[in-house]
Amino acid sequence: MNEFEEGKFDVVVIGAGHAGCEAALACARTGLNTVMLTLNLDSIAFMACNPSVGGTAKGHLVREIDALGGEIGVNADKTALQMRMLNVGKGAAVQSLRCQSDKNAYHTEMKRTLENTDNLKIVQGEASEIITENGRVAGVKTTYGGVFYCKAAIIATGVYLNARTITGEVIKNSGPNGFAPATALTANLIKLGYNVRRFKTGTPARVDSRTVNFSACEVQYGDNDILPFSYLDDEPLKNKMPCYLTYTNGATHKIILDNLDRAPLYNGAISSTGPRYCPSIETKVVRFKDKERHQLFIEPEGADTNEVYIQGMSTSLPHDVQKEMYRTVAGLENCEIMRYAYAIEYDCIDTLDVYPTLEFKKVSGLYTAGQINGTSGYEEAAAQGLIAGLNASLKIRNMPPLILGRDQAYIGVLIDDLVTKGTDEPYRMMTSRAEHRLEIRQDNADFRLTEIGYKCGLVTDERYNKYLARKAEYENALKTLETMVKPAEAESILCRHGMEKPEKALSYADMVRRGIPLEEICLNFGILGGVSLSAKQSAEVYIKYEGYLQKGLEQIEKAKKLEEKKLPEDIDYTKINGLRLEAREKLEKVKPASLGQASRIPGVNPADISVLMVYLAMNKGY
């Protein structure tokens with residue numbers, strides 16, 4: 001096949017899923033000549049699984065992406081069918097926003113955004129080779145022989161690399177939803193030095209909503225008084241469609257158990273590693289035999305379709321078993337399946353092969369982002385895409401890289417986990433992974449990150465000015481809430497909440513600390529009129545948790561001392577006396593950037609860190 005030049009670019013982004021979209025936009029919006037290569041223009045930002053954005057911990061990621069100048073939150077707000085705040089009965093640290101999106105609208109809106117972005121070209125085609133020269137990226141070649149010459153490339157191939165779908169006895173070489181797989185690139189990645197392995201994910205059936213008895217289910221309405229994802233939006237969104245809750249039962253479980261010999265997960269047809277925190281229904285039934293039922297959510301795929309998504313019932317069982325199984329569920333007794341469920345296997349890489357910038361350790365200018373890095377979820381993918389895109393852009397513009405700390409963002413936790421610990425199963429972000437979760441709440445993402453995004457050149461003046469205005473509102477609100485109130489003036493509101501009459505003056509903030517809602521205080525005393533809802537919410541959270549936040553900051557400062565002790569890339573850990581064999585192997589593999597990162601590597605213990613500290617002290621050249 002003859003090679004021919006497709007053009008010269010700064011960056012080539014391979015893939016147009018949630019990681020690819022953020023990577024391409026980050027590069028193009030920071031002034032780089034960018035091309036996005038996708039297998040199919042119709043699969044841009046396609047929601048292969050549930051058309052939802054956010055959820056526990058994932059909502060934090062979306063807010064952080066938005067604060068840095070990314071697009072997923074903006075697009076989710078544009079196409080929202082329903083918005084809900086999860087974990088409202090728990091503390092502010094774990095409360096997360098979730099949006100049920102319109103699947104087709106989400107794709108259409110993101111495609112429109114990409115098509116109308118300056119410096120960005122979109123081309124349908126399959127990448128077959130990363131061209132390198134002297135250890136650096138020089139171009140990307142397609143299966144048709146076209147070469148896109150470039151300074152950097154970002155691989156965001158999702159679940160498409162050598163993808164195959166499995167449903168019962170039927171196995172097909174296919175990407176999600178019948179899209180074609182990418183079969184040409186994996187061999188080249190292995191040749192470049194990547195360690196490649198196989199992961200698995202799955203999706204449930206979609207059924208015709210006209211055949212669902214919704215009266216047998218519990219209705220789940222959205223919240224009408226919560227703010228959207230993007231800080232560019234000032235007003236709560238209207239909820240357009242409800243979701244529904246139902247459950248499996250003994251009959252459902254019996255059908256599954258009676259057909260395990262036909263289940264690919266249990267008969268050997270699937271050997272790859274699946275997601276621990278989003279298991280198939282057959283895995284749940286086998287693993288939790290004592291549970292009489294498992295909850296399922298019936299959620300709309302879009303406003304323009306009758307398809308509904310049965311969340312919680314992912315499976316790879318044969319079609320005849322699926323039909324019988326779904327019809328045992330309350331509300332689904334007469335359901336008609338429009339798209340059957342399936343499992344999908346795909347190639348992904350070992351993220352211990354990449355730096356915290358998401359750049360490959362063996363090839364300069366080559367980045368990976370999204371499910372190719374072993375993660376699951378749109379939000380995790382989008383976060384990595386944004387960071388990979390920004391770091392490729394920063395490198396080309398000769399600016400320092402962007403590496404977010406675990407105390408700065410959930411994005412920092414996500415990437416640090418991947419490049420320090422690696423993952424042996426599809427990685428999912430959870431609030432429990434973030435040791436500083438009280439400091440990195442979703443309500444203060446812009447306070448933490450927008451200044452950083454602005455310095456990187458991705459945050460627009462419009463967004464930055466909104467951030468400055470909200471920050472000023474927030475700071476002024478905190479000052480106002482320190483205003484002292486005479487005992488006689490505070491008596492009525494305290495008594496309404498069953499509290500004793502105050503003996504001395506107290507501030508509005510003191511009332512918040514005693515558990516009185518800020519909105520009630522504002523109405524009672526006529527304060528903070530004209531202050532935005534988001535600024536008041538952030539102020540209320542800060543006041544409630546101020547004592548804990550101060551303790552958290554002290555812990556962060558202690559941890560920073562280890563992060564500040566840098567470890568040069570050229571250290572040969574195999575020659576350091578005193579290190580255990582396991583520690584030498586792990587340190588040599590990861591090549592940590594600091595003592596802090598070294599301390600988080602599984603298999604490296606405090607004694608090993610002490611040895612490294614002594615080694616650094618004795619080798620002043622480092």
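Computed from a prediction, not measured in an experiment: that's the story for all the values here.
Ionic pairing of Glu299 and Arg84 is not present here: no N-O contact between side-chain nitrogen and carboxylate oxygen is shorter than 4.0 angstrom. A salt bridge does not link Glu520 to Lys536: none of the charged side-chain nitrogens sits closer than 4.0 Å to a carboxylate oxygen. The existence of a salt bridge linking Glu557 and Lys560 is confirmed by a sub-4.0 Å separation between a basic side-chain nitrogen and an acidic carboxylate oxygen. A salt bridge is absent between Asp66 and Arg63; no separation between the charged side-chain nitrogens and carboxylate oxygens falls under 4.0 Å.
Using a 4.5 Å heavy-atom threshold, the side chains of Leu227 and Asp233 count as separate. Residues His497 and Pro517 form a side-chain contact, since some pair of their non-hydrogen atoms from C-beta on lies under 4.5 Å apart. In this structure the side chain of Val485 reaches within 4.5 angstrom of the side chain of Met511, judged on heavy atoms. Residues Tyr410 and Arg433 form no side-chain contact, since every pair of their non-hydrogen atoms from C-beta on lies 4.5 Å or further apart. Glu540 is not listed as a side-chain neighbour of Glu519, based on a closest heavy-atom distance of 4.5 Å or more. In this structure the side chain of Leu394 never reaches within 4.5 angstrom of the side chain of Thr357, judged on heavy atoms. Looking only at side-chain heavy atoms (C-beta outward), Cys27 and Ile154 come within less than 4.5 Å of each other. The closest side-chain heavy-atom distance from Leu549 to Glu439 is below 4.5 Å.
Judged by distance alone, with hydrogens and angles left aside, the side-chain atoms of Asn524 form no donor-acceptor pair with the main-chain N or O of Ile521 at under 3.5 Å. Checked by atom type and distance alone, the side chain of Ser376 pairs as donor or acceptor with a backbone atom of Tyr427 at under 3.5 Å. Listed for the Asp608 side chain is a donor-acceptor partner under 3.5 Å among the backbone atoms of Asn605. The backbone N or O of Ala57 lies less than 3.5 Å from a partner atom in the side chain of Ser96, making a donor-acceptor pair. A side-chain donor-acceptor contact under 3.5 Å links Gln82 to the backbone of Met241. The backbone N or O of Thr460 lies less than 3.5 Å from no partner atom in the side chain of Arg463, so there is not a single donor-acceptor pair. With hydrogens and angles disregarded, no donor-acceptor distance shorter than 3.5 Å links the side chain of Thr34 to the backbone of Leu120. Although no hydrogens or angles enter the test, the distance criterion places a donor-acceptor pair under 3.5 Å between the side chain of Glu22 and the main chain of Ile72. Judged by distance alone, with hydrogens and angles left aside, the side-chain atoms of Arg29 form no donor-acceptor pair with the main-chain N or O of Ala26 at under 3.5 Å.
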| task | Starting from the C-alpha separation in whole Å, work towards a yes-or-no answer on side-chain contact (heavy atoms from CB on, under 4.5 Å) for Tyr378 and Met47. | result | CA-CA 8 Å; Tyr378 311 141; Met47 293 175 143; 3.4 Å; yes
| task | Please assess Glu64 against Arg448 for the test salt bridge (Lys or Arg N to Asp or Glu O under 4.0 Å), listing each intermediate value before the final yes or no. | result | CA-CA 8 Å; Glu64 290 176 354; Arg448 294 183 278 117; 3.0 Å; yes
| From CA spacing to verdict: side-chain contact (heavy atoms from CB on, under 4.5 Å), Lys466, Glu462 | CA-CA 6 Å; Lys466 278 183 173 283; Glu462 177 194 3; 4.2 Å; yes
| Working for ring pair (Phe, Tyr, Trp, His ring centres under 6.0 Å), residues Tyr474 and Phe447 | CA-CA 10 Å; Tyr474 165 76; Phe447 297 156; 4.8 Å; yes
| Passes salt bridge (Lys or Arg N to Asp or Glu O under 4.0 Å), Arg112 versus Glu109? Steps please. | CA-CA 5 Å; Arg112 181 180 293 118; Glu109 284 297 323; 2.6 Å; yes
| request: Start with the C-alpha gap between Glu563 and Arg600, add the side-chain angles, then the distance that decides, and say whether salt bridge (Lys or Arg N to Asp or Glu O under 4.0 Å) holds. | output: CA-CA 11 Å; Glu563 297 297 335; Arg600 295 188 294 273; 2.5 Å; yes
| message | Walk me through whether Glu473 and Arg470 qualify under salt bridge (Lys or Arg N to Asp or Glu O under 4.0 Å). | response | CA-CA 5 Å; Glu473 273 192 311; Arg470 195 177 97 87; over 6 Å; no
| request: Applying side-chain contact (heavy atoms from CB on, under 4.5 Å), run through Asp417 and Thr423 and close with a yes or a no. | output: CA-CA 8 Å; Asp417 278 353; Thr423 182; over 6 Å; no
| Do Leu518 and Ile543 pass the side-chain contact (heavy atoms from CB on, under 4.5 Å) test, and can you show the C-alpha distance, the side-chain angles, and the key distance before you say yes or no? | CA-CA 10 Å; Leu518 177 57; Ile543 290 168; over 6 Å; no
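Across all non-hydrogen atoms, the minimal contact from Met83 to Cys99 is SD-CB, 3.2 Å. Here the closest non-hydrogen pair linking Glu379 and Ser52 is OE2-O, 3.9 Å. Residues Asn119 and Gly31 share a closest heavy-atom pair of ND2-CA, 3.8 Å. Listed here is the closest heavy atom pair of Ala598 and Leu612: CB-CD1, 4.3 Å. Of all non-hydrogen atoms in Val308 and Pro300, the two that sit nearest each other are CG1-CA, 4.1 Å. Contact record, Val94 with His60: C-CE1, 4.4 Å, taken as the closest heavy-atom pair.
A side-chain N or O of Gln100 and one of Asn50 form a donor-acceptor pair less than 3.5 Å apart. Under the 3.5 Å distance criterion, with hydrogens and angles disregarded, a donor-acceptor pair is assigned to the side chains of Asp443 and Ser538. For the residue pair Thr375 and Gln384, a side-chain donor N or O sits within less than 3.5 Å of a side-chain acceptor on the partner. Between Asn373 and Thr351, the side chains place no donor N or O within less than 3.5 Å of an acceptor N or O (distance only, hydrogens not considered). Between the side chains of Tyr464 and Glu451, at least one donor N or O lies within less than 3.5 Å of an accepting N or O. No donor-acceptor contact under 3.5 angstrom links the side chains of Tyr367 and Asn391, judged on distance only.
Separating the CD1 atom in Ile415 from the CG atom in Leu404 is a distance of 7.0 Å, to the nearest 0.5 Å. Atom NZ of Lys58 is separated from atom CZ of Arg98 by 10.5 Å, given to the nearest 0.5 angstrom. Once rounded to the nearest 0.5 Å, the distance linking CD of Gln537 with CG of Asn444 reads 12.5 Å. Note that OG of Ser215 and OH of Tyr244 are 9.5 Å apart. Values are rounded to the nearest 0.5 Å.
Other residues, nucleotides and ligands contribute at most 12 non-hydrogen atoms within 6.0 Å of the CE atom of Met613. In the displayed structure, Arg397 atom CZ is contacted under 6.0 Å by more than 12 heavy atoms of other residues, nucleotides or ligands. Remark: Arg293 CZ is loosely packed, at most 12 non-hydrogen atoms of other residues, nucleotides or ligands lying under 6.0 Å away. By the neighbour-count criterion of 12 heavy atoms within 6.0 Å, atom OH of Tyr221 is sparsely surrounded, having that number or fewer from other residues, nucleotides or ligands. Remark: Lys565 NZ is loosely packed, at most 12 non-hydrogen atoms of other residues, nucleotides or ligands lying under 6.0 Å away. The 12-atom threshold is exceeded at NZ of Lys284, counting heavy atoms of other residues, nucleotides or ligands nearer than 6.0 Å.
Each of Ile65, Leu237, Asp77 was scored for a side chain to side chain contact (heavy atoms under 4.5 Å, CB included) with Phe229, with one residue passing: Asp77.
The side chain to side chain contact (heavy atoms under 4.5 Å, CB included) check on Asp304 picks up Asp102, Asn104, with sequence neighbours excluded.
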